[in-house]
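A, B, ... follow the sequence lines: proteins, then strands. Residue 1 opens every chain.
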Amino acid sequence: MPYWFFMFHLVEKRIAEAFAAKISTLYSVDAPVQTEQPKQASFGEIAVPAAFQLARQLKRAPKAIAAELSDAVGTIEGVAGIEIAGNGYMNVRLDRGAYGSSLLRGEAPLAAIEAEKTIIEHTNINPNKAAHIGHLRNAILGDTFVRMLRAAGSNVEVQNYIDNTGVQVADVVVAFERLEKKSPADVQTLIGTTRFDYLCWDLYARMSSYYADHSEALEWRKSTLHAIESGEGATSELAHLVSDAIVRAHLATMYRLNIEYDVLPRESEILHLKFWSQAFELLKERKAIFFENEGKNKGCWVMPASAFKQGASDEEENTDDSKVIVRSNSTVTYVGKDIAYQLWKFGLLGKDFYYRKWHTYPDGHDVWASTSEPQTGSPAFGRGARVYNVIDSRQSYLQDVVVAGLRALGFEKQAEASVHFSYEMVALSPRTCIEMGIELSDEDKKKPYVEVSGRKGLGVKADDLIDKLIEKALEEVTSRHAEDPEPQRRRVAEKIAIGALRYFMLKYTRNSVIAFDFAEALSFTGETGVYVQYAAVRASKILGKLAERGDTLPDFRAELSRDAINRQLSDERLWQALLTASKADAAIEQAVSSGEPSHVARYAFQLAQAFSSFYQDFPVVAESDKEKKTFLLWLTTYFRAQLERTLGVLGIEVPEYM
RNA sequence: GCGCCCGUAGCUCAGCUGGAUAGAGCGACUGGCUUCGAACCAGUAGGCCGGGGGUUCGAGUCCCUCCGGGCGCACCA
């Protein structure tokens with residue numbers, strides 16, 4: 001039996017299967033057996049409540065069934081004993097020596113990489129201004145989900161869709177041309193000499209308020225959009241300058257957070273390669289949309305409400321609820337374009353982009369962008385078996401329409417495999433608004449949070465927040481290591497700041513609104529990324545101290561027999577520590593299946609807590625008993641590895657020191 | 001009006017597909033650094049899980065209803 005067979009989640013499965021098999025032969029009942037964590041550690045490691053479910057079907061007392069079952073199930077590899085507790089719980093105690101020994105001697109099985117591709121689309125920021133904290137939540141959630149899936153063996157492609165021809169880009173272009181009287185050459189100079197994404201942030205807010213006061217200016221937007229779509233002329237050139245520069249700024253911001261992409265599909269190529277007309281033909285041909293001859297949607301191609309609303313009847317009475325896909329002026333709506341794009345992701349469109357290398361990251365990874373010019377030697381993208389779109393929950397209605405589009409086209413399987421990975425917005429706490437000098441109405445002051453608005457320029461820029469976190473971390477580092485050179489302290493401070501930020505965005509479940517508050521985000525104590533990093537650093541510190549004293553790490557496998565491990569693990573504190581540390585894979589697996597990155601963050605915190613109390617209780621280097629010292633050192637290296645691995649899934653690095 | 005989400009300790013939030021005595025962080029209060037650095041640890045106080053019905057051996061979790069909040073429901077993206 002391979003040693004990794006003892007890894008916690010596998011032991012759990014084995015126990016569940018053993019009980020399921022016995023239940024099947026004994027009672028002819030076939031059902032998967034649930035396992036759970038006992039309420040108290042003293043009850044054992046794994047609880048099986050199966051007797052309760054059986055009690056109903058068999059009309060017998062759960063306690064009697066539990067007694068019968070636990071006798072009948074016999075010995076299970078790695079299990080020391082089963083006890084009946086409460087009204088019919090079967091509590092399983094693991095064989096500590098066998099478990100610990102297998103962790104020491106085992107190699108983690110390499111998760112087989114799936115052949116099928118999973119596409120995750122995240123970030124998707126309009127390329128017309130600097131990124132803000134709301135975008136950070138999207139990108140951090142998306143990137144962490146990518147890391148989780150990859151850790152579990154999935155073949156993942158990361159896409160970041162760029163809407164470089166939309167209204168938001170057009171508005172900044174209008175502002176440059178009409179308000180600022182800038183030529184493309186002028187803007188090129190600005191790009192090279194200013195903090196361009198910040199400049200556009202302010203300019204976009206100014207343009208929005210200009211529209212509010214001069215509604216006739218909306219004509220500028222209209223003509224600008226046409227010029228951009230045509231892809232020719234100075235206005236189009238300006239739009240490309242702006243959006244390309246902003247995309248570079250966004251990728252740089254995200255790279256600070258250890259976030260990379262594989263491909264940037266762009267709206268300009270979706271237009272020029274006529275993805276939409278292909279999708280339009282398909283939609284018409286398969287009667288997924290129809291032409292409306294009367295009513296308020298007269299002259300439009302619409303998708304009937306019955307396709308995407310569960311309660312709607314498919315009779316004509318509710319045509320009001322239909323979703324317009326093609327307007328009466330024959331232009332396509334956002335949802336229509338999104339259906340075409342979703343079809344491409346699954347390889348169902350019958351068209352593809354060409355790709356050119358956009359950027360090579362310092363680690364050597366390339367990110368490609370779509371282009372309409374044929375290329376040689378570029379990789380293939382798209383053709384996913386599953387697609388996750390990381391988009392905030394306010395767009396769930398539109399995401400439903402997109403999926404309904406696939407279904408109406410007969411792509412049932414792909415509709416099922418389309419996941420709206422939704423999350424709630426990041427708002428601002430009233431206190432933070434006041435700190436930033438944002439004027440609040442009396443009504444807003446009473447609210448628990450205030451919504452961010454790009455149009456009003458109301459929000460916290462991502463890079464400002466990161467800078468602020470780094471400065472604060474640098475102060476803390478300097479107060480402890482004033483003698484170290486500044487670049488070194490800064491490097492440590494950057495890792496701490498990024499850890500704090502990523503953890504902050506991940507500790508909340510996806511459907512909870514984050515009321516962003518500077519004081520909370522800047523906190524470095526308690527349940528934070530910093531706390532977890534600190535545990536990892538302290539583990540390294542112990543090993544460093546050993547080397548400092550001229551000692552070397554023992555050969556753990558040679559020196560720690562199964563009996564020795566069993567002896568050491570009779571100390572309840574050490575057993576609980578090892579048990580917690582061994583659950584990393586179980587935590588990741590659970591987080592993947594529930595689609596909830598916060599589960600990994602919470603586990604990371606528990607892991608760090610377990611290490612911190614271990615650190616407090618056991619002076620490793622000073623331990624005089626040889627066997628015990630060897631065991632404590634091994635546990636330290638194991639903790640260190642598990643902390644680093646779990647933090648890695650969260651996209652957080654371990655600093656050299658703290 | 002219709003749809004989705006939320007309401008758990010003073011504050012911010014966990015609570016896996018219903019399971020044993022509802023948890024954590026912050027804040028408050030007590031202790032603990034001559035030790036592998038205290039960005040830490042140990043402990044105390046703090047709860048009719050929004051209200052009311054129901055299903056169940058068992059409900060913070062499922063159903064109904066009411067109250068309070070948020071977000072959607074464009075020929076905008």
Open item on the list: Less than 4.0 angstrom from a charged side-chain N to a carboxylate O is my criterion; do A:Glu424 and A:Arg394 meet it?
Closed with: no
Open item on the list: Looking at B:rC36, I'd like to know if its phosphate oxygens (OP1 or OP2) sit under 4.0 Å from a side-chain N or O belonging to A:Arg549.
Closed with: yes
TODO: Look at A:Ser512 and B:rA14 and indicate whether a side-chain polar atom (N or O) is within less than 4.0 Å of OP1 or OP2.
DONE: yes
Open item on the list: Classify A:Val450 by what it touches in the nucleic acid, base, sugar-phosphate, or nothing, heavy-atom distance under 4.0 Å.
Closed with: nothing
Open item on the list: Does the Lys NZ or Arg CZ of A:Lys472 fall within the cation-pi geometry relative to A:Phe524 - under 6.0 Å from the ring centre and within 45° of the axis?
Closed with: yes
Task: Nucleotide forming a Watson-Crick or wobble pair with B:rC71, both distances under 3.5 Å - done: B:rG3
TODO: Would you classify A:Asp400 as touching base, sugar-phosphate or nothing, given that sugar-phosphate means primed atoms plus P, OP1 and OP2, and contacts are heavy atoms under 4.0 Å?
DONE: nothing
- [ ] Check if the side chain of A:Arg480 and the base of B:rA39 share a donor-acceptor pair of N or O atoms closer than 3.5 Å.
- [x] yes
Open item on the list: Measure OH/A:Tyr449 against P/B:rC13 and give the value in whole Å, please.
Closed with: 9 Å
TODO: Measure from the side chain of A:Tyr534, starting at C-beta and using heavy atoms only, and say which of B:rG15, B:rC41, B:rC40 lies closest.
DONE: B:rC40
Open item on the list: Strictly below 4.0 Å: does A:Gln609 bring a side-chain N or O up to OP1 or OP2 of B:rG25?
Closed with: yes
Task: Residue A:Met425, side-chain atoms from C-beta onward, closest of B:rA77, B:rG70, B:rG37 - done: B:rG70
Open item on the list: Quick check for you: among B:rC13, B:rC26, B:rG37, whose closest atom lies nearest to any side-chain atom of A:Arg602?
Closed with: B:rC13
Open item on the list: Under 4.0 Å, counting only non-hydrogen atoms across every strand here, what does A:Leu543 touch: a base, just sugar-phosphate, or nothing?
Closed with: nothing
- [ ] Would you mind telling me which of B:rA20, B:rU21, B:rC41 lies closest to the side-chain atoms of A:Gln616?
- [x] B:rC41
TODO: For A:Glu451, report the nucleic acid contact type (base, sugar-phosphate, nothing); a contact means any heavy atom under 4.0 Å.
DONE: sugar-phosphate
Open item on the list: Can you see whether A:Ser429 engages A:Asp517 through a side-chain donor-acceptor pair at a distance of less than 3.5 angstrom?
Closed with: yes
Task: Pairwise P distance, B:rU8 and B:rG47 [rounded to whole Å] - done: 14 Å
- [ ] State whether A:Asn329 places a side-chain N or O below 4.0 Å from either non-bridging phosphate oxygen (OP1 or OP2) of B:rC75.
- [x] no
Open item on the list: Any base atoms under 4.0 Å from A:Pro619, or only sugar-phosphate, or nothing? Heavy atoms, all strands.
Closed with: base
Open item on the list: From CG of A:Leu54 over to P of B:rC57, roughly how many Å is that when rounded to an integer?
Closed with: 15 Å
Open item on the list: For A:Tyr615 and A:Phe611, take the angle between the two ring planes, folded into 0 to 90°, and tell me which bin it lands in: parallel under 30, tilted 30 to 60, perpendicular over 60.
Closed with: tilted
Task: Short side-chain N/O contact to B:rG72 OP1/OP2 from A:Tyr397, under 4.0 Å - done: no
TODO: Return the nearest nucleotide to the side chain of A:Arg394; candidates are B:rG72, B:rA77, B:rC41.
DONE: B:rG72
Open item on the list: By the 4.0 Å heavy-atom rule, please label A:Phe524 as base, sugar-phosphate, or nothing.
Closed with: base
Task: Touch class at under 4.0 angstrom, heavy-atom based, for A:Asn87 against every strand present - done: nothing
Open item on the list: Quick check on B:rG37: is either OP1 or OP2 less than 4.0 Å from any side-chain nitrogen or oxygen of A:Lys541?
Closed with: yes
- [ ] Pick base, sugar-phosphate or nothing for A:Ser393, based on heavy-atom distances below 4.0 Å to the nucleic acid.
- [x] nothing
TODO: Check each of A:Asn389, A:Val390, A:Ile391 against A:Phe421 using the side-chain contact (heavy atoms from CB on, under 4.5 Å) test, and report the only one that passes.
DONE: A:Val390
- [ ] May I ask you to check whether A:Trp301 and A:Phe280 place their ring centres under 6.0 Å from each other?
- [x] yes
TODO: May I ask you to say what A:Leu546 touches in the nucleic acid, namely base, sugar-phosphate or nothing, with a heavy-atom cut-off under 4.0 Å?
DONE: nothing
TODO: Pick base, sugar-phosphate or nothing for A:Phe605, based on heavy-atom distances below 4.0 Å to the nucleic acid.
DONE: sugar-phosphate
- [ ] May I ask you to decide whether A:Arg93 forms a salt bridge with A:Glu83, counting only side-chain N to carboxylate O separations under 4.0 Å?
- [x] yes
Open item on the list: Distance criterion of 3.5 Å, no angle test: do you see the side chain of A:Asp338 paired donor-to-acceptor with the base of B:rA77?
Closed with: no
Open item on the list: Distance check, C1' atoms only: B:rG3 and B:rC41, in whole angstrom units.
Closed with: 49 Å
Open item on the list: Using only modelled atom types and a 3.5 angstrom limit, is any donor from either the side chain of A:Ser328 or the base of B:rC75 paired with an acceptor on the other?
Closed with: yes
Open item on the list: Does a side-chain N or O of A:Arg538 approach OP1 or OP2 of B:rA38 to a distance below 4.0 Å, or not?
Closed with: yes
Task: B:rA45: pairing nucleotide in any strand, Watson-Crick or G-U under 3.5 angstrom - done: none
- [ ] Give the nucleotide from the list B:rA74, B:rG70, B:rC41 with an atom nearest to the side chain of A:Lys323.
- [x] B:rA74
Open item on the list: In terms of relative ring orientation, are A:His250 and A:His135 parallel, tilted or perpendicular, with 30° and 60° separating the classes?
Closed with: tilted
- [ ] May I ask which nucleotide in the shown strands pairs with B:rU61, Watson-Crick or G-U wobble, both distances under 3.5 Å?
- [x] none
Task: Atom pair distance, as rounded to whole Å: CG in A:Asp392 and P in B:rA77 - done: 17 Å
Task: Closest-nucleotide 5' rank along RNA chain B - winner of A:Ile542 and A:Ile514 - done: A:Ile514
Task: Sub-6.0 Å ring centroid separation between A:Phe275 and A:Tyr341 - done: no
Open item on the list: Check A:Lys13 with A:Glu589, please: is the shortest side-chain N to carboxylate O separation under 4.0 Å?
Closed with: yes
Open item on the list: Closest approach to the side chain of A:Ser612, judged atom by atom: which nucleotide of B:rC41, B:rC75, B:rC36 is it?
Closed with: B:rC41
TODO: Tell me yes or no: between the side chains of A:Asn138 and A:Tyr423, is some donor less than 3.5 Å from an acceptor?
DONE: yes
Open item on the list: From C-beta outward on A:Gln34, which listed nucleotide comes closest to its side chain: B:rU17, B:rA77, B:rA20?
Closed with: B:rU17
Task: Distance test, side-chain N/O of A:Tyr615 to OP1/OP2 of B:rA38, below 4.0 Å - done: yes
Task: Residue whose closest nucleotide on RNA chain B lies nearer the 5' end, A:Gly295 versus A:Asn91 - done: A:Asn91
Task: Whole-Å gap separating P (B:rA14) and CG (A:Leu607) - done: 21 Å
Open item on the list: Among residues at least two apart in sequence or on other chains, which ones pass side-chain hydrogen bond (donor to acceptor under 3.5 Å, both in side chains) with A:Arg489?
Closed with: A:Thr478
TODO: Please work out if A:His420 contacts a base, only the sugar-phosphate, or nothing of the nucleic acid, heavy-atom cut-off 4.0 Å.
DONE: nothing
- [ ] Using a heavy-atom cut-off of under 4.0 Å over every strand shown, decide if A:Lys63 touches base, sugar-phosphate, or nothing.
- [x] nothing
- [ ] For the side chain of A:Tyr334, starting at C-beta, report the closest nucleotide among B:rA39, B:rA77, B:rC16.
- [x] B:rA77
TODO: Hunt down the Watson-Crick or G-U wobble partner of B:rA38, both distances under 3.5 Å, from any strand shown, or write none.
DONE: none
- [ ] Go through B:rA24, B:rC40, B:rC36 for me and flag the one nearest to the A:Val620 side chain.
- [x] B:rC36
- [ ] Could you work out the separation of B:rC57 and B:rG52 based on their P atoms and round it to a whole Å?
- [x] 23 Å
- [ ] Calculate the interatomic distance between A:Glu548 atom CD and B:rC36 atom P; express it in whole Å.
- [x] 9 Å
- [ ] Just call it for A:Ala535: base, sugar-phosphate, or nothing, with non-hydrogen atoms closer than 4.0 Å on any strand.
- [x] nothing
Task: B:rU12: pairing nucleotide in any strand, Watson-Crick or G-U under 3.5 angstrom - done: B:rA24
Open item on the list: How would you summarise protein contacts on nucleotides 5-12 of chain B per nucleotide, using B for base, S for sugar-phosphate only and - for none, with heavy-atom distances below 4.0 Å?
Closed with: SS-----S
